[in-house]
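The structure presented is a predicted model; accordingly, all values stated were derived computationally and were not measured. Computed from heavy atoms alone, side chains included, the values below leave out hydrogens, waters and symmetry copies. In what follows, chains carry the letters A, B, and so on, assigned in the order in which the sequence lines appear, proteins first and then strands, with residues in each chain numbered from 1.
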Protein chains: 2
Amino acid sequence: MQRDVQEFINRLKSRGQRLTRQRKKIVEKVFSTHGHFSAEDLLGELRKDGYRASRATVYRTLALLTDCNLLEAIDFGQNCQLYEHVLGHRHHDHLICMKCGRVVEFSNDVLENLQNEISRSMDFKPISHSLKIYGICSKCKRKR
Amino acid sequence: MQRDVQEFINRLKSRGQRLTRQRKKIVEKVFSTHGHFSAEDLLGELRKDGYRASRATVYRTLALLTDCNLLEAIDFGQNCQLYEHVLGHRHHDHLICMKCGRVVEFSNDVLENLQNEISRSMDFKPISHSLKIYGICSKCKRKR
DNA sequence: TTACATGCAAACTATTTGCATAAGC
DNA sequence: GCTTATGCAAATAGTTTGCATGTAA
């Protein structure tokens with residue numbers, strides 16, 4: 001958390017951009033939150049703290065953090081853009097429960113390597129990827 | 001193409017729904033088009049043919065086709081919902097060029113099996129998945 | 001002091017919906 | 001003729017933008 005905030009300040013400086021009151025508050029909130037969150041979630045959290053930042057500034061700051069590679073934007077489809085921390089979190093993919101919406105992370109090196117191999121065999125230079133497996137999570141399976 | 005249209009008619013009937021002039025025209029266009037297309041692309045194609053169907057009907061018919069499992073809706077992120085045929089097309093994943101936007105399909109059984117294994121090892125019942133690998137395609141690599 | 005950031009409200013994009021009218025079966 | 005589908009225009013949701021004003025450095 002402190003490290004992320006510090007890193008944000010560094011990257012802002014190196015870009016000649018400013019650390020405003022709003023950015024500071026937003027970034028602190030972003031990095032004290034865990035898991036995936038949306039712009040609207042974040043705005044709600046800020047308001048709950050009695051802090052009012054404009055919706056536009058929240059969106060602009062999320063874009064800035066993504067651009068600085070401190071946040072990753074993950075598209076969970078149709079108007080569902082979520083964000084997650086980058087620093088200290090290795091790359092992972094997602095299992096998404098179609099019943100309860102729960103998102104579970106996983107990572108697997110064999111899978112990563114295989115994807116790279118496949119890409120190369122198609123003369124394609126892989127840079128990043130997104131894998132989402134949809135199905136039924138353990139809790140929901142048991143409920144049936 | 002004829003098979004898809006026929007299948008659509010069958011599924012409509014079994015649902016007690018009607019084959020309207022608009023649906024017929026839209027479905028013919030959908031299945032004579034290859035590759036990925038958006039609702040707006042489709043509407044444009046229809047208009048180019050001098051045929052005017054309302055935007056609402058195009059959206060409603062695409063949803064119907066998806067519901068009938070004749071089309072698959074693939075989310076290419078942020079306001080980029082594309083569709084592709086299902087019948088006669090085995091499951092595949094996508095390589096997406098970050099330079100030119102070209103989309104190349106691939107499929108790999110080892111990859112599929114591995115995903116299923118991983119899911120099971122996490123007590124998750126996989127139903128479907130979406131894998132997109134972003135990078136630079138062969139043409140764009142050569143251009144550099 | 002001056003360039004950059006904010007807040008507001010309006011614009012935008014893709015999509016959905018309510019309702020009167022049209023048309024399959 | 002009854003019920004489903006269409007077309008329109010308005011609504012929606014999430015996000016972006018123009019511009020006057022505020023503020024960090």
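To the nearest angstrom, C1' of C:dG7 lies 13 Å from CG of A:Leu43. One can place CG of A:Leu65 at 13 Å from P of C:dA5, the figure rounded to the nearest angstrom. Distance, B:Lys24 NZ to D:dT6 P: 14 Å, rounded to whole Å. For the pair B:Tyr51 OH and D:dT6 P, the interatomic distance rounds to 9 Å; values are reported in whole Å. A straight line from CZ of B:Arg52 to C1' of C:dA22 spans 13 Å, rounded to a whole angstrom. Rounding to whole angstrom units, CG of residue A:Leu82 and P of D:dG14 are separated by 11 Å. In this structure, B:Arg18 atom CZ and D:dT4 atom C1' are separated by 4 Å, rounded to whole Å. The CG-C1' distance, from A:Asp41 to D:dA13, rounds to 15 Å in whole Å.
OP1 or OP2 of C:dA14 has not a single side-chain nitrogen or oxygen of B:Gln78 nearer than 4.0 Å. Within the structure, a side-chain polar atom (N or O) of A:Thr20 is placed less than 4.0 Å from OP1 or OP2 of C:dT6. Considering only side-chain N and O atoms, B:Gln17 lies under 4.0 angstrom from the phosphate OP1 or OP2 of D:dA5. The phosphate of D:dA13 has neither OP1 nor OP2 within less than 4.0 Å of any side-chain N or O from A:Gln81. Residue A:Tyr59 has a polar side-chain atom (N or O) positioned under 4.0 Å from OP1 or OP2 of D:dT15. Look at A:Ser54 and you won't find any side-chain N or O under 4.0 angstrom from OP1 or OP2 of C:dC8.
Looking at B:Tyr51 and B:Lys29, their side chains never come closer than 4.5 Å, going by heavy atoms from C-beta outward.
If A:Arg55 and B:Thr61 are placed on DNA chain D by their nearest nucleotide, the residue sitting closer to the 5' end is B:Thr61. Checking B:Leu19 against B:Arg60, the closest nucleotide of DNA chain C that is more toward the 5' end is the one next to B:Arg60.
The side chain of A:Ala39 sits closest to D:dT15 out of C:dA5, D:dT15, C:dA23.
Taking the six-membered ring where the residue is Trp, A:His36 and A:His92 present perpendicular rings, their angle passing 60° and hence far from 30°.
With rounding to the nearest 0.5 angstrom, the OG atom of A:Ser107 is 7.5 Å from the NE2 atom of A:His91.
Between the side chains of A:Asn116 and A:Ser119, no donor N or O sits under 3.5 Å from an acceptor N or O.
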For this session: Check the pair B:Ile26 / B:Phe8 against side-chain contact (heavy atoms from CB on, under 4.5 Å), numbers first and verdict last.
Result: CA-CA 11 Å; B:Ile26 291 171; B:Phe8 176 58; over 6 Å; no

